[in-house]
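Remarks on the structure that follows.
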Amino acid sequence: MYIALTFFCALGFSLLHFFSKHMKFAGKVPRSKFLSLAAGVSVAYLFVHLLPELNKYQKVLSKELTNTVLGYIEHHIYLVAMAGLILFYALEKKAKKKRNQKERAQSLAEVSGVFWVHMGLFFVYNTIIGYLLLNQQFEQVSSLIFYFLALAVHFIANDWSLRRHHEKVYDQYGRLLLSFASLFGWLLALFVEIGEFGVSVLFAFVSGGMILNIMKEELPEEQKSSISSFIVGSIVFTALLLLI
């Protein structure tokens, strides 16, 4: 039963990416109230669930690395999360520079290396998220559902951001690639077991990328977000997380 639920979550992520080009509301300015609400949900998930989970996984890494050279370094999990954040930030800057220079790819042969590196990193990102559906060991079904909801609205924002940077080429190739990624990660989890140590590292890396992607979509002034919807999303989802 649990495996079936995680499969439907992975399938849901894939369908979101596949049909993302039809979500016209995602690119509107001022930003739709739904997206501001979704951003509030993501921020609540970040502070109430994601950061406490990092602390839990830090204990796992500390125990595993006690008798190694890395055992003398503190806060391993946060260093991995920071590496994920820096990597995604560097690619974001590259993509933004490309967009500002008004480069337009008209065919596969003309697509820049930045696009494929960007897609490659997000493919890994989505694959890890799909993998963690089975290997993160959610204590309750409700925790899995909240994980799905938080990541679903997060993916909608990510799709809009990638489409803004890469335009038509994202709809032609990028969204199809990302549609496959979460299902691929879920299938990988069925056959490949990396243990709690490996799960900790993957979770930290994805968390760093998630922290950047969540904050960069809501904070920029040009989004003209709805602060009331953002606050409602944050408060309601925080309350739900605290009740489970």
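Note that these values count all heavy atoms, side chains included, but never hydrogens, waters or copies made by symmetry.
To the nearest 0.5 Å, atom CD of residue Q58 and atom CG of residue L79 are 8.5 Å apart. With values rounded to the nearest 0.5 angstrom, F237 atom CZ is found 11.0 Å from L242 atom CG. Note that CG of D159 and CG of L178 are 6.5 Å apart. Values are rounded to the nearest 0.5 Å. Note: F122 CZ to T127 OG1 = 12.5 Å, rounded to the nearest 0.5 Å. Distance CG/L149 to SG/C9: 8.5 Å, rounded to 0.5 Å. Atom CZ of residue F146 and atom CG of residue L241 lie 6.0 Å apart, to the nearest 0.5 angstrom.
Counting heavy atoms from C-beta outward, L188 and L134 have side chains that stay 4.5 Å or more apart. By the 4.5 Å heavy-atom criterion applied to side chains, L5 and L133 are not counted as neighbours.
The shortest non-hydrogen separation linking N126 to H17 is ND2-NE2, 2.8 Å. In this structure, L54 and S207 approach most closely via the heavy-atom pair CD2-OG, 3.9 Å. Across every non-hydrogen atom of S200 and I77, the tightest pair is O-CD1, 3.3 Å. In terms of heavy-atom proximity, V80 sits nearest to V201 at CG1-O, 3.6 Å. Of all heavy-atom pairs spanning L183 and F7, the tightest one is CD2-CE1, 3.9 Å. Nearest approach of I211 to L50, heavy atoms of both residues: CG1-CD2, 4.4 Å.
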List the steps and the verdict of side chain to side chain contact (heavy atoms under 4.5 Å, CB included) for I194 and V192.
CA-CA 6 Å; I194 60 174; V192 179; 4.1 Å; yes
Tell me, with the steps shown, if S182 and I129 meet side chain to side chain contact (heavy atoms under 4.5 Å, CB included).
CA-CA 7 Å; S182 56; I129 287 172; 5.9 Å; no
Could you check I86 against L212 for side chain to side chain contact (heavy atoms under 4.5 Å, CB included), going step by step and ending with a plain yes or no?
CA-CA 9 Å; I86 291 171; L212 175 69; over 6 Å; no
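Residues that satisfy the ring-ring contact (aromatic ring centres under 6.0 Å, His included) test with F13, not counting sequence neighbours, are F148, F155. Every ring-ring contact (aromatic ring centres under 6.0 Å, His included) that Y147 has, sequence neighbours left out, goes to F138.
The ring of Y131 has its center no closer than 6.0 angstrom to the ring center of W186. Separation of the Y125 and F88 ring centroids falls under the 6.0 Å cut-off.
Taking the ring axis of Y170 as reference, the NZ or CZ atom of R175 does not stay both within 45° of it and closer than 6.0 Å to the ring centre.
For S179 (side chain) and F18 (main-chain N/O), a donor-acceptor pair under 3.5 Å exists by modelled atom type.
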Validation: residues 37-48 side-chain donor-acceptor distances under 3.5 Å, sequence neighbours left out:
from: S42; atom 1: OG; to: A38; atom 2: O; distance (Å): 3.2
from: Y45; atom 1: OH; to: H49; atom 2: NE2; distance (Å): 3.4

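Atom CD1 of I3 is surrounded by 12 or fewer heavy atoms from other residues, nucleotides or ligands within 6.0 Å.
In this structure, Y57 and F203 have tilted ring planes: the angle between them lies in the 30° to 60° band.
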